[in-house]
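To start, the structure itself, in structure tokens.
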2 protein chains.
Amino acid sequence: MSLPHAILTALLERPSSGLELTRRFDRSIGYFWSATHQQIYRELGKLEQGGLIEAVPQPPSRGQRKEYLVLPAGRSELTRWVGQAQDPKPIRDPLLLRLRAAAVVGTEGLDVELQRHLVEHRRQLDEYLEIEQRDFPAGGGSGGRSGGGDRLHHLVLKGGIALETFWVEWLVEAIADLGGERPERS
Amino acid sequence: MSLPHAILTALLERPSSGLELTRRFDRSIGYFWSATHQQIYRELGKLEQGGLIEAVPQPPSRGQRKEYLVLPAGRSELTRWVGQAQDPKPIRDPLLLRLRAAAVVGTEGLDVELQRHLVEHRRQLDEYLEIEQRDFPAGGGSGGRSGGGDRLHHLVLKGGIALETFWVEWLVEAIADLGGERPERS
DNA sequence: AAGGCCATGTAAGTAGTTACATGATTGA
DNA sequence: TCAATCATGTAACTACTTACATGGCCTT
């Protein structure tokens with residue numbers, strides 16, 4: 001049950017309408033928890049019904065913009081969730097699975113896929129690095145200046161950077177390994 | 001649609017019954033694609049109906065063991081899937097999300113959670129390292145001896161090791177960072 | 001008044017999770 | 001024959017995805 005809490009977080013950072021939230025889920029929050037507009041609208045409905053958020057009073061008609069803000073109940077629910085015990089989710093990755101399958105049925109077409117993934121992960125890594133340079137310039141230590149919020153944001157970003165770095169390095173090794181295998185067969 | 005292909009891979013490695021598959025999904029394959037027995041039985045039914053696998057002839061009654069093996073159609077479907085274009089899944093991690101939420105509502109209870117996750121990831125990392133020592137002793141190069149299958153298996157395992165290493169390192173940094181924040185508030 | 005875009009939604013389908021049900025076999 | 005365990009399944013629910021529908025507003 002992460003989506004409602006992702007939305008609460010986003011709305012606390014800034015009250016928004018559904019469409020604005022959707023856009024913010026295409027970057028920022030969405031970097032580690034993606035969601036489509038359908039999910040978001042549905043969830044906004046549930047959260048409002050549950051009394052965790054509230055639409056700012058406006059004539060609510062169909063094609064009309066609706067802005068939401070978080071109620072105290074929503075904030076305390078989010079606080080509770082942050083400290084709640086949750087087991088780490090096991091890895092669930094189709095690409096690793098495909099390599100395992102390739103060990104049985106052969107690697108045909110796989111090298112192209114690895115290349116594609118490598119390009120994409122490099123792109124994402126660059127994007128993160130740019131954000132880091134923009135939002136957290138120089139200060140490797142982030143040494144105590146500016147509130148804890150920034151420090152946490154940087155920590156999350158560094159998580160993303162390290163993850164993409166892992167993928168890039170692993171893919172480079174995998175591609176080399178796969179390429180080095182061909183000679184056996186020719 | 002990864003589960004059917006995970007099952008096909010497992011069945012090609014060794015024909016099995018539903019329960020045996022379930023056990024194998026608790027380790028091995030399950031390290032990067034987990035599944036419960038309910039999912040597995042349902043999917044076995046679909047795969048059989050689709051003509052991708054077949055139950056070895058036995059009087060099929062309810063509590064009776066049923067062994068499956070992969071048909072040619074199943075093997076070629078798996079081959080197709082290995083080379084198929086699939087975009088990398090974006091990161092989707094509740095823990096990173098919780099840090100982001102903590103930047104807004106405070107870090108109460110979070111340090112305990114980070115410790116718990118650290119313990120769990122260290123345990124998983126150790127498990128992987130033991131498997132590596134057992135199945136791929138010494139030969140860092142895995143230099144051409146024994147088929148490509150082993151090489152691919154090792155590659156997948158090294159992926160798991162690198163991922164768990166990432167988590168351990170990131171969590172250590174996060175815990176240190178969070179700890180260093182307290183003084184501001186006392 | 002027509003087309004494009006902003007904004008909110010509904011509907012249907014797939015995948016995964018949780019709880020429970022049922023039959024077969026074996027050993028005390 | 002009772003309990004435990006092996007083995008296969010059903011049912012109900014939640015989360016996510018894909019495709020489509022509807023209304024309002026602005027420009028030409």
Side-chain angles (χ1 to χ4, degrees), chain A residues 1-8 10-11 15-26 29-30 32-50 53-68 81 86-94 97, chain B residues 1-8 10-11 15-26 29-30 32-50 53-68 81 86-94 97:
Chain A
M1 293 243 304
S2 294
L3 179 58
H5 302 96
I7 291 179
L8 287 173
L11 285 182
S16 308
S17 67
L19 192 61
E20 275 174 321
L21 275 179
T22 302
R23 293 204 216 289
R24 291 170 62 196
F25 270 79
D26 285 340
I29 296 260
F32 39 87
W33 201 272
S34 61
T36 63
H37 82 271
Q38 292 90 339
Q39 271 182 286
I40 289 170
Y41 283 119
R42 200 154 11 101
E43 201 62 46
L44 283 172
K46 283 190 208 169
L47 288 168
E48 189 178 20
Q49 248 188 307
I53 65 174
E54 171 184 71
V56 296
Q58 276 210 1
S61 73
R62 187 154 171 124
Q64 208 60 297
R65 188 191 146 87
K66 243 196 305 187
E67 179 123 346
Y68 291 95
W81 181 74
Q86 282 176 239
D87 286 334
K89 284 261 127 189
I91 304 168
R92 211 114 189 290
D93 190 276
L97 198 56
Chain B
M1 289 245 300
S2 295
L3 179 58
H5 302 96
I7 291 178
L8 287 173
L11 285 182
S16 307
S17 67
L19 192 62
E20 274 173 322
L21 276 179
T22 302
R23 292 203 216 290
R24 290 169 63 196
F25 271 79
D26 285 339
I29 296 258
F32 38 86
W33 202 274
S34 60
T36 62
H37 82 272
Q38 292 90 337
Q39 271 182 286
I40 288 170
Y41 283 119
R42 201 159 7 105
E43 201 61 47
L44 282 172
K46 284 190 207 168
L47 287 169
E48 189 178 19
Q49 249 188 306
I53 64 173
E54 169 185 73
V56 297
Q58 275 207 1
S61 71
R62 189 158 168 118
Q64 207 62 293
R65 186 191 148 85
K66 240 195 307 189
E67 180 121 347
Y68 291 95
W81 180 74
Q86 282 175 240
D87 286 335
K89 285 260 126 191
I91 304 168
R92 212 116 189 290
D93 190 276
L97 198 57

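As the structure is a computational prediction, the values presented were derived from the model and not from experiment. Just so it is clear: chains get the letters A, B, ... in the order the sequence lines come, proteins before strands, and each one is counted from 1.
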Figure out the [atom1]/[atom2] separation between [X] and [N], and round it to whole Å.
{"X": "B/Ile40", "N": "C/dG16", "atom1": "CD1", "atom2": "C1'", "result": "12 Å"}
{"X": "B/Glu20", "N": "D/dA7", "atom1": "CD", "atom2": "C1'", "result": "11 Å"}
{"X": "B/Glu67", "N": "D/dC6", "atom1": "CD", "atom2": "P", "result": "17 Å"}
{"X": "B/Leu19", "N": "C/dG23", "atom1": "CG", "atom2": "P", "result": "19 Å"}
{"X": "B/Leu21", "N": "D/dA7", "atom1": "CG", "atom2": "P", "result": "12 Å"}
{"X": "B/Lys66", "N": "C/dA24", "atom1": "NZ", "atom2": "C1'", "result": "15 Å"}
{"X": "A/Arg65", "N": "D/dC25", "atom1": "CZ", "atom2": "C1'", "result": "14 Å"}

OP1, OP2 of D/dG9 versus side-chain N and O of B/Tyr41: anything below 4.0 Å?
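No, outside the criterion.
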About how many Å separate CG of B/Leu8 and CG of B/Leu47, when rounded to the nearest 0.5 Å?
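It is 5.5 Å, given to the nearest 0.5 Å.
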Is there a side chain to side chain contact (heavy atoms under 4.5 Å, CB included) between B/Glu20 and B/Glu67 once you walk through the steps?
CA-CA 9 Å; B/Glu20 274 173 322; B/Glu67 180 121 347; 4.1 Å; yes
With sequence neighbours left out, write down each residue that passes ring pair (Phe, Tyr, Trp, His ring centres under 6.0 Å) with B/Trp33, or none if nothing qualifies.
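If we apply the ring pair (Phe, Tyr, Trp, His ring centres under 6.0 Å) test to B/Trp33, skipping adjacent residues, there are no hits.
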How would you list, by chain and number, every residue that makes a ring pair (Phe, Tyr, Trp, His ring centres under 6.0 Å) with B/Phe25, sequence neighbours excluded?
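Not a single residue meets the ring pair (Phe, Tyr, Trp, His ring centres under 6.0 Å) criterion with B/Phe25.
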Side chain to side chain, A/Ile29 and A/Leu21, heavy atoms closer than 4.5 Å
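Not in contact.
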Any donor-acceptor pair under 3.5 Å linking the side chain of A/Gln39 with the backbone of A/Thr36?
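Yes, the answer is positive, given that a donor and an acceptor are paired below the 3.5 Å cut-off.
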Please produce a list of atom pairs where a protein N or O lies less than 3.5 Å from an N or O of nucleotides 15-19 of chain D.
residue	atom	partner	partner atom	Å
D/dC16	OP2	A/Gln39	NE2	3.3
D/dC16	O5'	A/Gln39	NE2	3.4
D/dT17	OP2	A/Gln39	OE1	3.3
D/dT17	O4	A/Arg42	NH2	3.1
D/dA19	N6	A/Gln38	NE2	2.6

